Amino acid sequence: MGIGGGIFLIVVGAILAFAVSDGIGGVDLTMVGYICMAAGLIALVVALIMNRQRTNTTHTEYVERHDDRRIHGREGTL
């Protein structure tokens with residue numbers, strides 16, 4: 001989901017929880033807003049932890065070289 005998705009859920013949840021006064025039959029929009037804000041906060045924390053782990057990784061590159069050149073001169077010597 002990422003950082004942007006978490007922020008989006010927090011914003012939508014805050015709008016539903018604090019700014020919407022209308023209701024839908026059988027649905028408490030304030031509770032839906034709180035649930036969205038909680039899910040957004042969890043997504044934001046997980047995204048930040050994942051990004052932190054990505055920056056701490058190290059990469060080691062091994063280069064394998066094969067030198068098949070032969071020295072010109074006597075036969076059978078390298």
Side-chain angles (χ1 to χ4, degrees):
M1 185 177 284
I3 295 172
I7 292 173
F8 176 76
L9 279 176
I10 291 172
V11 169
V12 169
I15 290 170
L16 287 175
F18 304 121
V20 176
S21 59
D22 289 339
I24 298 175
V27 178
D28 185 9
L29 290 179
T30 304
M31 184 56 65
V32 171
Y34 289 139
I35 291 170
C36 284
M37 286 193 304
L41 184 64
I42 291 170
L44 188 64
V45 169
V46 168
L48 290 174
I49 290 172
M50 295 296 287
N51 283 338
R52 177 78 176 154
Q53 288 177 349
R54 285 186 198 139
T55 59
N56 286 338
T57 59
T58 58
H59 300 283
T60 305
E61 181 177 338
Y62 293 100
V63 177
E64 200 173 313
R65 289 182 16 171
H66 298 283
D67 195 5
D68 292 338
R69 293 180 291 165
R70 294 186 181 268
I71 300 175
H72 297 290
R74 293 185 289 181
E75 292 288 326
T77 61
L78 295 176

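For reference, positions follow the sequence shown, starting with 1. Since the structure is predicted, the reported quantities are computational estimates derived from the model, not experimental observations.
Residues Ile7 and Tyr34 are members of separate hydrophobic clusters, defined by side-chain heavy-atom contacts under 4.5 angstrom among Ile, Leu, Val, Met, Phe, Trp and Tyr. Cluster membership check: Leu29 does not share its hydrophobic cluster with Met37, using side-chain heavy-atom separations under 4.5 Å among Ile, Leu, Val, Met, Phe, Trp and Tyr. When hydrophobic clusters are built by joining Ile, Leu, Val, Met, Phe, Trp and Tyr residues whose side-chain heavy atoms come closer than 4.5 Å, directly or via intermediates, Val46 is not grouped with Ile3. Linking Ile, Leu, Val, Met, Phe, Trp and Tyr residues whenever their side-chain heavy atoms come within less than 4.5 Å leaves Val45 and Leu48 in two separate clusters. Grouping the Ile, Leu, Val, Met, Phe, Trp and Tyr side chains by contacts below 4.5 angstrom, directly or via other members, places Leu41 apart from Leu16.
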Table please: side-chain donor-acceptor pairs of residues 17-28 below 3.5 Å, with sequence neighbours left out.
unit_1	atom_1	unit_2	atom_2	d
Asp28	OD1	Thr30	N	3.4

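Nearest heavy-atom pair, Cys36 versus Gly13, reported as atom, atom and distance to 0.1 Å: CB-CA, 3.6 Å. Between Gly2 and Ala47, the shortest heavy-atom distance links the atoms C-CB, 3.7 Å.
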